[in-house]
Amino acid sequence: MKIAIASGKGGTGKTTLSTNLASFMAEKRDVVLSDLDVEEPNSGLFLKSELFFAEDKFKMIPEWNNVDCTLCGKCQDVCNYHAIIQIVDTIMVFPELCHSCFACSELCPTNSLPMGQKKMGELQHFKTSTFDFIESKLLIGEEQAVPLIKQTLDYVDENFSTDVVKIYDSPPGTSCPVIEATKDADFIILITEPTPFGLNDVILAIDTMKELKKDFAIVINRYGIGNDDILKYCDENNIPIIGKIPNQRAIAELYSKGELLYDKIPEVKTELENIVSYLESHILK
Amino acid sequence: MKEIVVISGKGGTGKTSITASFAVLAGDDVVVADCDVDAADMHILLQPENIKSEDFYSGELAVIDEDACIQCGKCFDVCRFDAVEVINDVHTINELSCEGCGYCARVCPTEAITNEPLNVGKWHVANTRFNQPFVHAKLGIGADNSGKLVAQVKNIAKETANKNNKPYVLVDGSPGVGCPVVSSLSGAHFVVLVTEPSVSGLHDLKRVYELVKKFRIKAGCIINKADINKDIASEILEFLKEEDIVHLSNLPYDETFTKAMTDCKTIVEIDDSKIKEAISESWEKIKEILN
């Protein structure tokens with residue numbers, strides 16, 4: 001079972017929900033939590049864990065070998081990303097523009113562009129006392145999050161069986177990194193806050209999940225602040241709201257220190273119970 | 001013309017509310033650009049009247065002509081993005097997975113595959129309710145190339161500023177450190193980092209500042225909700241000092257911040273709020289640094 005936690009707007013509580021839900025569910029089930037917000041991963045800041053395994057992650061880029069190159073220009077013609085250009089008698093590769101499609105390398109008539117590895121980030125596998133936690137971090141200056149997210153998901157699939165509950169803390173927004181993080185999930189929880197920004201962005205996220213034909217539900221964070229437009233919207237569109245985390249300064253303070261909430265704030269535990277009971281009756285068999 | 005970019009690393013620290021407040025304070029001197037193209041919110045506060053909209057095309061998408069396809073599978077073999085799917089023995093393109101590299105079209109023996117220009121969103125030029133030029137955009141669902149759309153929004157904003165002799169372009173960036181953020185930083189004169197004193201706020205600030213350093217852009221920092229965790233707030237101040245980042249101001253944890261947004265107003269339109277004072281002070285400091 002794969003559950004992705006996403007939001008549209010940043011800072012609405014994805015990491016808070018992911019870490020608390022993973023920890024709470026791990027009391028009764030096998031759980032692995034993966035932080036797929038590889039640009040700014042934060043889940044690890046809220047967990048006490050020990051490092052179990054770490055590896056560098058690479059993307060493949062062409063490396064010019066000038067011995068047999070005839071400077072025919074085919075590589076620059078086939079690259080749709082302008083990541084490879086010929087300047088007089090030199091072939092230059094721009095790794096940050098390369099999408100690793102292999103076209104230049106495999107279509108080169110003299111095999112002068114073998115693909116080589118370039119580090120794009122690091123994956124770390126931690127163990128808390130009750131569950132596993134995987135985090136990947138993009139190197140600063142690397143622009144493409146999608147390949148690292150993909151490799152992180154592969155690592156999780158290879159190392160955990162299908163009966164382990166897999167929770168994905170997803171990146172914000174609605175563009176390609178979110179699609180990558182959610183497209184294989186069985187269920188998506190969209191977390192939002194009851195404000196005009198929260199509503200605007202969760203509608204974008206809802207449209208994205210509909211486009212992906214995903215089963216999803218809403219959790220409202222900071223419930224009590226703002227207005228009740230999100231309640232009306234969900235009611236009119238038959239979207240289930242499966243949890244409401246209250247707006248409390250005490251929660252913001254615990255969060256700021258990197259602490260989990262549900263063992264200290266009873267209302268949060270109640271909401272997690274509601275969320276899990278919804279998941280149990282809908283998707284967890 | 002000076003370009004000021006507001007970013008944060010972590011989402012939800014108050015970037016958009018603060019950028020919109022700067023816009024109000026800048027009055028006639030500014031062109032505003034919302035470069036958080038996949039979750040744009042500034043229009044909610046600035047309620048712009050639209051002047052013109054244009055589709056934005058970037059990249060390509062492979063399309064298979066079913067009649068010409070002989071189902072040989074060459075496209076499937078070369079695609080590194082798992083974008084060629086075989087459904088009932090028919091090869092089709094998964095539009096969300098296709099990255100438009102064009103490799104499949106080059107190896108197709110019957111020329112059944114063409115690359116079509118991809119519409120990835122729309123950009124708009126508008127006028128805010130304060131009668132300022134406002135450029136914003138909306139990325140299509142799940143679209144790639146958000147960096148290119150950000151660059152387009154910035155270019156239109158800069159052109160508009162030059163044409164109308166506006167001294168400032170104010171850019172609201174997106175969270176993270178990936179392609180849209182890299183694109184929003186390119187060419188900027190000053191970066192405003194909005195953070196909050198939480199373990200994640202500090203962690204993300206440090207990461208995003210590593211990126212800013214690569215661009216060698218002068219930066220200032222606003223600490224929002226500064227009183228929520230005094231220890232981390234002082235750690236942030238320490239970090240700012242070490243890195244020679246200007247501390248612009250501290251904003252208190254105050255629900256007025258959210259209340260203003262709920263009323264679709266900027267915080268600086270709420271009279272006698274402490275936040276208004278702090279943001280005005282920040283804006284004056286930025287102008288001083290830039291001039």
Side-chain angles (χ1 to χ4, degrees), chain A residues 7-13 15 37-40 42 45-46 78-81 96 99-103 106-107 137-138 140-146 171-179 183 193 195-197 200-201 204-205 207-208 211-212 222 225-227 247 249 252-253 255-258, chain B residues 8-13 16 36-41 44 59-60 78-81 96 99-103 106-107 115 139 141-144 146-147 174-182 196-201 203-204 207-208 210-211 214 225 228-229 231-232 253 255 258-259 261-262 264:
Chain A
S7 70
K9 176 169 157 48
T12 58
T15 299
D37 186 2
V38 301
E39 294 179 37
E40 295 285 21
N42 288 154
L45 301 169
F46 296 82
V78 301
C79 182
N80 272 5
Y81 308 112
E96 61 282 6
H99 285 227
S100 310
C101 76
F102 285 62
E106 293 176 356
L107 296 173
K137 216 176 242 188
L138 196 66
I140 295 296
E142 283 293 321
E143 298 186 26
Q144 296 167 37
V146 170
T174 56
S175 62
C176 44
V178 187
I179 303 296
K183 73 180 184 191
E193 55 178 43
T195 62
F197 287 6
N200 182 70
D201 296 351
L204 296 172
D207 290 344
T208 307
E211 178 91 13
L212 290 174
R222 301 184 73 202
I225 206 164
N227 58 33
N247 181 50
R249 187 178 165 120
E253 285 176 3
Y255 170 87
S256 78
K257 290 187 262 184
Chain B
S8 64
K10 176 170 160 44
T13 57
T16 303
D36 189 0
V37 296
D38 65 331
D41 285 329
I44 294 170
E60 294 180 333
V78 300
C79 180
R80 289 294 190 305
F81 309 109
L96 283 172
E99 296 202 12
C101 70
Y103 195 178
R106 293 181 203 282
V107 298
N115 294 304
L139 193 70
I141 285 174
D144 213 335
S146 54
S174 50
V177 295
C179 64
V181 182
V182 171
E196 59 177 39
S198 64
V199 287
S200 27
H203 171 268
D204 294 357
R207 267 175 72 77
V208 81
E210 247 186 90
L211 181 64
K214 285 184 192 273
K225 306 180 192 169
I228 203 93
N229 187 324
D231 294 340
I232 298 183
Y253 179 86
E255 290 187 359
T258 314
K259 284 202 184 95
M261 187 230 285
T262 309
C264 300

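Naming convention: chains lettered A, B, ... in sequence-line order (proteins, then strands); numbering from 1 in each chain. No hydrogens, no waters, no symmetry mates; every other heavy atom, side chains included, goes into these values.
- Between Glu40(A) and Lys10(B), no side-chain nitrogen of the basic residue sits less than 4.0 Å from a carboxylate oxygen of the acidic one, so the salt-bridge criterion is not met.
- Of all non-hydrogen atoms in Ala40(B) and Asn200(A), the two that sit nearest each other are O-ND2, 3.0 Å.
- With a 4.5 Å cut-off on non-hydrogen atoms, Ala145(A) does not touch chain B at all.
- With a threshold of 4.5 angstrom between heavy atoms, Arg222(A) approaches chain B through side-chain atoms but not through N, CA, C or O.
- Highest contact tally toward chain B, considering only Glu253(A), Gln144(A), Glu106(A), Glu142(A), is held by Glu106(A) [criterion: heavy-atom pairs under 4.5 Å].
- Contact annotation for Pro197(B): only backbone heavy atoms (N, CA, C, O) come within less than 4.5 Å of a heavy atom of chain A.
- For Ile225(A), the part lying near chain B is the side chain, with the backbone staying farther off; criterion is any non-hydrogen pair under 4.5 Å.
- In this structure, Cys101(B) and Tyr81(A) have side chains that are in contact, with non-hydrogen atoms separated by less than 4.5 Å.
- With chain B as partner, the option from Tyr255(A), Phe197(A), Phe46(A) having the largest number of non-hydrogen pairs under 4.5 angstrom is Phe197(A).
- Side-chain contact, Asn42(A) with Asp204(B): a donor N or O sits under 3.5 Å from an acceptor N or O.
- Here the shortest heavy-atom pairing between Val208(B) and Val177(B) reads CA-CG1, 3.9 Å.
- Shown here for Gly8(A) and Ala39(B), the closest heavy-atom pair between the two residues is O-CB, 4.0 Å.
- For the atom pair CZ (Arg207(B)) and CD (Glu39(A)), the distance works out to 8.5 Å, reported to the nearest 0.5 Å.
- Residue Ser200(B) touches chain A through both its backbone and its side chain, counting heavy-atom pairs closer than 4.5 Å.
- In this structure the side chain of Lys257(A) reaches within 4.5 angstrom of the side chain of Asn229(B), judged on heavy atoms.
- Only the side chain of Arg106(B) comes within less than 4.5 Å of a heavy atom of chain A; its backbone N, CA, C and O stay farther away.
- For Thr12(A), no part lies under 4.5 angstrom from a heavy atom of chain B.
- Interface check for chain A: of the options Ile44(B), Leu211(B), Leu96(B), Leu139(B), the most heavy-atom pairs under 4.5 Å are formed by Ile44(B).
- Between the side chains of Asn247(A) and Glu193(A), no donor-acceptor pair of N or O atoms lies under 3.5 Å.
- Interface check for chain B: of the options Gly11(A), Ser7(A), Ser175(A), the most heavy-atom pairs under 4.5 Å are formed by Ser175(A).
- Contact of Ser100(A) with chain B is made through the backbone alone, with heavy-atom distances under 4.5 Å.
- Contacts between Lys214(B) and chain A at a heavy-atom distance below 4.5 Å involve the side chain alone, from C-beta outward.
- Interface residue Val107(B): only side-chain heavy atoms are found under 4.5 Å from chain A.
- Taking Glu60(B) as the reference, Asn80(A), Asn115(B) meet the side-chain contact (heavy atoms from CB on, under 4.5 Å) condition, with sequence neighbours excluded.
- For a residue to count as touching a neighbouring chain, one of its non-hydrogen atoms must lie under 4.5 Å from one of that chain's; by this rule Glu211(A) touches chain B with the side chain only.
- Here Tyr253(B) pairs with nothing under the ring pair (Phe, Tyr, Trp, His ring centres under 6.0 Å) rule; sequence neighbours left out.
- Using a 4.5 Å cut-off between heavy atoms, Ile232(B) touches chain A through its side chain atoms alone.
- In this structure, chain B has no heavy atom under 4.5 Å from any part of Val178(A).
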